[in-house]
J.: 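Have a look at this one before I ask anything.
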Amino acid sequence: MSALTDLTIAEARTALRSKKMSARELTTAHVEAVAGARALNAFITETPDRALAMAAESDKRLASGQGRALDGIPLAIKDLFCTRDVQTTAGSRILSGFKPPYESTVSQNLWNAGAVMLGKVNLDEFAMGSSNMTSAFGGVKNPWKRRGDARDLVPGGSSGGSAAAVAARVAMGATATDTGGSIRQPAAFCGVVGIKPTYGRCSRWGIVAFASSLDQAGPITRDVRDAAIMLGAMASHDPKDSTSVPREVPDYEAALGRSIKGLRFGIPKEYRLDGMSPEIEKLWQQGIAWLKEAGAEPVEISLPHTRYALPTYYIVAPAEASSNLARYDGVRFGLRVPGNSIEELYENTRGQGFGAEVRRRILIGTYVLSAGYYDAYYLKAQQVRALIARDFTEAYRRCDVILTPTAPSAAFAMGDKMDDPVAMYLNDVFTVTVNLAGLPGISVPAGLSSDGLPLGLQLIGRAFDEETLFTVSHVLERAAGFTARPGV
Ligand code: GLN
């Protein structure tokens, strides 16, 4: 059965349509793989019965030649997407036992395309984190380990369960969300592909909100083609999300294999950080060389406000989070810790329901929005955000796409950086600018660190130009020929 879990989505699609295997066989292999990989702690909820029932429906459609885009493909869903009648926790104690009476638009789109749900995967609490360690359900283990070192490593965050499940070959793909890097950084740490599409490309309806002006859903998969297939099914215009954009979803797969001759790719000089690891610098240079060999032309560009991106993000995101998380009061959802008055019920529920990182963000957010500080912090951050977005607009006069590393390091050990929030926040130095500007970004595995861990390169595109990202990342993927696997 192990061979079935090695297939890519594209390969499985062909095998299912030509009836070389059934959706039931493919799903059974993955359900067993999920159960066999429980030591990773990637899943919060497994839904094997639902998976097999969905596979049976897929088999009926496939038998009558009515197979849909993802018919019979077993996927994991980040536990931030509401799934009807299936517990949705956002990685938090405060939502324990919450079974939504509705389905998120993105997951509904996947089921409409015939995909099969394996279960709900672990994440940092309310998607706040870069290591998965803030989850109330415990950290996820990265299936990769450093060469000759038995220590468990983080899979990155917040979509660590999604990336670990895909890398460990227990799910063919997974949904994820990205507010400041949470699709791309875990994809890089686990040696898989992750794309955060343009803000507005996927509906946010039914996704537990963290920072609404930054949150976007996207897929994590094992290769670029699978990411194109999965994003095509996830994306849609949704009247239920007023920020979702009424644009046709292109055929992303058709963008693979196009020539990049004459394409100009920007290298932002501000991304060359002081003290950056020589390995990351080398990987970046290698990426430049690969794109040049394929006929593209590098251009040095400047994104002058980059150094303000992290401070800006860590004002805007907590501000929006403090407002979004006000709804968890013990009255309407999940956990309720009673008290002698309604105020005490709120305090007890929120005090015991939220973990330390979420409480920190609520405090920061409330502070920067408070009368007297609003202008100094929140308003200023909004102004700087506009300048960061303008930097990209200027840069795209001179180039078509931007190439950077995805993260400043490879995966780190579980427990590292936990006592230093600023060191943890630095993980997002190359990714948050993209969210602040609402642009699409993709991470592709491009090489290994000296101790054998995956490293990713990021491509940033113009708004709604995911197609160029798929074209160029496919070129990088072929050049890198990344075939290493965890634990092998
Ligand atoms: N690591 C970032 C944070 O902690 C980004 C998280 C995300 O993209 N959801 O906020």
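One-based numbering, in listed order, for ligands and for the atoms of each.
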J.: Between Thr83 and Lys120, does the side chain to side chain donor-acceptor pair (under 3.5 Å) criterion hold? Intermediate values first, please.
T.: CA-CA 9 Å; Thr83 42; Lys120 305 294 292 288; 2.7 Å; yes
J.: Which ligand 1 atoms does Ser158 reach within 4.0 Å, using its non-hydrogen atoms?
T.: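 In order of number, 9 (N).
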J.: Heavy-atom contacts with Tyr314 under 4.0 Å: which atoms of ligand 1 show up? List them by number with element.
T.: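 Counting atoms of ligand 1 from 1, those under 4.0 Å from Tyr314 are 1 (N), 2 (C), 3 (C), 4 (O), 10 (O).
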J.: Any cation-pi pair here, Arg485 with Trp144, using under 6.0 Å and within 45°?
T.: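 No - Arg485 does not lie over the ring of Trp144 by the 6.0 Å and 45° rule.
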J.: Going by the closest heavy atom to atom 9 (N) of ligand 1, which one wins out of Gly181, Ser159, Ser182, Gly180?
T.: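 The residue whose heavy atom sits nearest atom 9 (N) of ligand 1 is Ser182.
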J.: Is a salt bridge present between Asp223 and Arg225, judged by a nitrogen-to-oxygen distance below 4.0 Å?
T.: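 No.
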J.: Under 3.5 Å between any N/O of Thr179 and any N/O of ligand 1: does that happen in this structure?
T.: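 Min N/O separation from ligand 1 is below 3.5 Å for Thr179.
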J.: Considering non-hydrogen atoms of the protein only, which is the closest contact for atom 2 (C) of ligand 1, and what is the distance?
T.: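 Looking at atom 2 (C) of ligand 1, the protein heavy atom closest to it is Asp428 OD2, 3.0 Å.
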J.: Can you tell me if Ala317 contacts ligand 1 (heavy atom of the residue under 4.0 Å from the ligand)?
T.: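 So Ala317 does not count as touching ligand 1.
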J.: Taking only heavy atoms of Phe210, which atoms of ligand 1 are found under 4.0 Å from at least one of them?
T.: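 The atoms of ligand 1 under 4.0 Å from a heavy atom of Phe210 are 9 (N), 10 (O).
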J.: Return yes when Arg361 approaches ligand 1 closer than 4.0 angstrom through a heavy atom, no otherwise.
T.: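 Flag set, Arg361 near ligand 1.
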J.: With heavy-atom distances below 4.0 Å as the criterion, list the atoms of ligand 1 near Asp178.
T.: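 In order of numbering, the contacting atoms are 8 (O).
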J.: Is any NZ, NE, NH1 or NH2 atom of the basic residue among Glu466 and Arg201 found under 4.0 Å from an Asp or Glu carboxylate oxygen of the other?
T.: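 No, Glu466 and Arg201 are not salt-bridged.
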J.: Should the pair Arg360-Glu357 be classified as a salt bridge under the 4.0 Å nitrogen-to-oxygen rule?
T.: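 A salt bridge links Arg360 with Glu357.
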J.: Using a strict threshold of under 4.0 Å (side-chain N to carboxylate O), is an ion pair present between Asp215 and Arg204?
T.: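 Judged by the 4.0 Å cut-off on N to carboxylate O distance, Arg204 and Asp215 do not form a salt bridge.
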J.: Give the atom numbers and elements of ligand 1 that come within less than 4.0 Å of a heavy atom of Tyr313.
T.: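 Those of ligand 1 that fall under 4.0 Å from Tyr313 are 2 (C), 3 (C), 5 (C), 6 (C), 10 (O).
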J.: Judged by atom type as modelled, is there a donor-acceptor pair below 3.5 Å linking the side chain of Thr89 to the main-chain atoms of Ser96?
T.: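 Checked: no pair found.
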J.: Please could you name the atoms of ligand 1 that Gly129 approaches to less than 4.0 Å, counting only its heavy atoms?
T.: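 Heavy-atom distances to Gly129 below 4.0 Å select 1 (N), 2 (C), 3 (C), 4 (O), 6 (C).
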J.: Could you tell me, atom by atom, which parts of ligand 1 come under 4.0 Å of a heavy atom of Ala127?
T.: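 Those atoms are 6 (C), 7 (C), 9 (N).
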J.: Between Asn142 and Ala411 (side chain of the first, backbone of the second, donor and acceptor by atom type, cut-off under 3.5 Å), is there such a pair?
T.: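 The answer is no, because no donor-acceptor pair under 3.5 Å joins these two groups.
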